[in-house]
Amino acid sequence: MLSQEKIKALKIFAINIRMETVRAMGTLGFGHLGGALSIADTIAVLYGGAMKIDPKNPKWEDRDWLVSSKGHAGPAIYAALALKGYFPVEELLTLNKPGTHFPSHCDRNLTTGIDMTTGSLGQGASTSVGVALGHKYQKKNNYTYLILGDGETQEGQVWEAVSFAGARKLDNLIAFVDNNKQQLDGFTRNIHDTLDFKAKFESFGWHAIDVDGSDVVQIYEAIEAAKLEKGKPTVIVLDTVKGKGVSFVEGKEKNHHVEISKEQMAQGLAELQLELDKEVEA
Amino acid sequence: MSTVLIAEKHETEKMAMRDAYCATLLKLASEDDKVVVLDSDLMSSMGMVPFLNKYPEKTFNVGVQEANMIGVAAGLSATGLIPFAHTFGPFASRRCYDQIFLSVGYSKLNVRIVGSDPGITAAFNGGTHMPFEDLGILRNIPDITILEPADTVMLQDLLIQTAGMYGLFYIRLLRKNAVKIYEEGSAFEIGKGVTLREGKDVTVISTGIMVKEALDAAEKLAEEGISARVINMFTLKPIDKELIIKSAEETGAIVTAENHNIINALGSAVAEVLGENLPVPLERVGVKDLFGEVGPVSYLRERFELTAEEIVIKAKKAIERKNKR
Ligand SMILES: Cc1ncc(C[n+]2csc(CCOP(=O)(O)OP(=O)(O)O)c2C)c(N)n1
């Protein structure tokens with residue numbers, strides 16, 4: 001059970017992740033804002049308490065791993081890593097600048113704290129299964145966390161990996177589906193309906209939990225429940241909203257990769273600051 | 001570094017390449033717990049059942065899903081393991097190019113991919129299974145090392161070497177019996193071609209099953225008073241530029257011989273080196289941009305002109321072009 005204090009800290013952490021993401025993309029003028037904001041609460045829970053990590057020792061052998069197969073969520077993860085002290089927060093503003101350590105998509109060779117390289121959708125599913133399998137083979141206790149986009153699950157490779165993880169009973173693997181109901185070209189139901197994730201994963205031998213993906217308590221408790229589930233990987237299906245927390249993108253039609261004017265950045269930051277003040281006072 | 005002992009007689013080996021593969025992996029796995037094996041439902045075809053029986057815990061047969069296998073291998077290597085992942089050559093290249101490129105190559109992870117049944121040796125599996133393009137596809141990946149062992153002696157040495165190295169490797173592997181080229185105890189240097197026979201009129205640069213054809217061609221040419229040098233270029237990438245340039249200087253005419261499309265693999269790599277350094281007449285023996293088809297290897301050799309006779313014709317043509325200059 002999370003204490004009230006801890007819950008508050010996670011909520012604040014999530015808002016700060018959103019703010020740093022908006023600042024980095026806004027300074028650049030564009031970015032994959034929608035999908036970064038929808039997953040921010042989960043990233044806050046992971047780096048804010050669920051994951052075993054040591055910011056001073058990013059390659060710590062006993063750490064938990066995160067593979068964001070939707071590699072374009074990178075900037076939200078970089079924000080969390082910076083706020084945890086992996087590197088100075090100011091460095092986030094070099095996003096996508098020539099020679100940067102912070103590319104649009106996660107890169108294990110460029111960014112301290114990023115465990116695997118992703119960007120071609122579907123591939124992180126397989127590599128995360130490999131990581132979990134490697135730890136199991138070496139009798140290590142690390143957990144591997146995987147983040148999938150809902151649109152991403154249209155890739156066949158995802159289901160190759162899901163099927164294999166189920167067959168191998170990888171209970172050290174915990175996946176999330178960021179079910180924000182939108183993909184690049186629009187609403188998933190209008191393009192290629194992804195149907196019932198819980199039923200789909202269960203049919204592959206997974207334990208599946210539906211949660212409100214903007215509720216840090218539900219996310220945290222689902223992870224705790226997943227750890228108790230032996231002999232099965234767990235998927236936590238996150239009911240999320242693409243662009244969550246910033247009004248000019250939240251739930252909007254075209255919010256995948258957006259141009260961000262200086263005014264929009266200021267407006268987004270102001271909205272989030274308001275949220276932050278409310279949370280701090282609460 | 002390399003001490004190469006060339007066999008006196010080039011006869012079909014008693015041990016199949018796949019059995020040498022299995023024996024070597026058994027040895028590697030017995031010495032190092034980090035060595036693990038992946039396959040996509042072709043372990044029996046690859047003669048790897050003894051490995052599975054001995055080391056079930058080191059065996060990850062993912063089933064029929066090649067792209068996932070490559071990703072899983074990448075993940076395993078990220079935790080410090082040393083994976084060898086096998087499937088048939090066409091699937092090990094065409095079907096998982098993006099996974100090999102990004103999950104392994106770009107990610108700078110440590111995976112050995114073994115693609116079996118090169119070119120016409122896919123024989124009765126036919127055109128769907130006959131990779132004339134695997135090397136061409138994979139040669140584009142920065143930093144990949146591409147190896148095509150000629151016989152069991154070379155295979156064993158290269159497998160052991162790659163197990164101790166870090167990076168992305170593609171090993172193009174005949175499953176059946178090769179022709180013996182080297183004696184036990186030979187050691188090879190990756191990235192350096194082996195000169196099997198000296199010669200001054202023309203150089204035949206060969207790989208895989210075409211090494212024996214090149215040696216036979218050199219014999220035939222010798223009977224006609226033509227002195228042909230024969231090289232086994234078992235590393236396609238990084239290609240041995242120095243040896244190619246030296247041979248161009250010393251013999252003035254080059255023929256390449258490969259069991260692959262003449263586009264994008266050995267013939268192209270040699271042409272690139274010659275074009276940029278010392279353009280001498282080059283003739284390419286190989287598949288002339290065709291799809292594969294079904295049949296016995298003996299038929300396919302003729303059908304796709306992968307014979308000693310063809311090398312002789314091309315060698316004479318290259319020499320003629322050289323003499324006209
Ligand atoms: C293999 C591949 N195909 C296409 C793309 C381009 N692309 C990037 S994100 C995206 C949509 C992803 O939608 P979803 O998984 O739902 O992500 P989210 O809505 O959470 O941003 C597409 C098509 C890609 N990166 N990789």
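For clarity, every value in this text was computed on a predicted model and none was experimentally measured. Convention: sequence-line order gives letters A, B, ...; per-chain numbering from 1. These numbers come from the heavy atoms of this one structure, side chains and all, not from hydrogens, waters or symmetry mates.
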Worked verdict on Leu76(B) versus Tyr137(A) for side-chain contact (heavy atoms from CB on, under 4.5 Å): CA-CA 9 Å; Leu76(B) 290 168; Tyr137(A) 169 77; 5.6 Å; no
Quick one: do the Tyr106(B) and Asp107(A) side chains pair a donor with an acceptor below 3.5 Å? yes
I'd like to verify something: which residue of Leu38(B), Ile70(B), Leu109(B) has the highest number of heavy-atom pairs under 4.5 Å with chain A? Leu109(B)
How about Arg95(B): does its CZ atom have over 12 heavy atoms from other parts shown lying under 6.0 Å from it? no
For Thr79(B), run the side-chain hydrogen bond (donor to acceptor under 3.5 Å, both in side chains) check against Lys136(A), Gln138(A), His135(A) and tell me which one passes. Gln138(A)
So Val72(B) and Thr127(A), do their side chains get closer than 4.5 Å, heavy atoms only? no
Do the non-hydrogen side-chain atoms of Glu160(A) and Glu66(B) ever get within less than 4.5 Å of each other? no
Which region of Val36(B), side chain (C-beta onward) or backbone (N, CA, C, O), has a non-hydrogen atom less than 4.5 Å from a non-hydrogen atom of chain A, or is it both or neither? side chain
Starting at CD of Gln65(B), measure out to OG of Ser163(A) and round the result to the nearest 0.5 Å. 6.0 Å
Under 4.5 Å, counting heavy-atom pairs only, tell me which of Ala78(B), Ser77(B), Gly71(B), Gly63(B) racks up the most with chain A. Gly71(B)
Distance-only donor-acceptor check, side chains Gln99(B) and Gln157(A), under 3.5 Å: yes
Check the surroundings of atom NE2 in His257(A): do more than 12 heavy atoms from other residues, nucleotides or ligands lie under 6.0 Å from it? yes
Neighbour count >12 (heavy atoms, 6.0 Å) for atom CG, Asp143(B): no
Over 12 foreign heavy atoms within 6.0 Å of NZ, Lys169(A): no
Phe291(B) atom CZ: more than 12 heavy-atom contacts under 6.0 Å: no
Give the minimum heavy-atom separation between Gln123(A) and Asp98(B), together with the two atoms involved. NE2-OD2, 3.0 Å
Might you confirm whether atom CD of Glu61(A) has over 12 heavy atoms from other residues, nucleotides or ligands at distances under 6.0 Å? no
Minimum heavy-atom distance Asn61(B)-Phe164(A), with the two atoms named: O-CE1, 4.2 Å
Counting only heavy atoms from other residues, nucleotides and ligands, does the tally under 6.0 Å from CG of Asn57(A) exceed 12? yes
Among Ala67(B), Gly80(B), Ala73(B), the residue with the most heavy-atom pairs under 4.5 Å to chain A is Ala67(B)
Within the supplied structure, the quantity of interest is the number of heavy atoms (other residues, nucleotides, ligands) at a distance under 6.0 Å from Glu224(A) CD; does it exceed 12? yes
Can you confirm whether Arg168(A) sits close enough to Phe60(B) that some side-chain heavy atom of one is under 4.5 Å from a side-chain heavy atom of the other? yes
Report yes or no: does Asn109(A) contribute a side-chain atom to a donor-acceptor pair with the main-chain N or O of Ser107(B) at less than 3.5 Å? yes
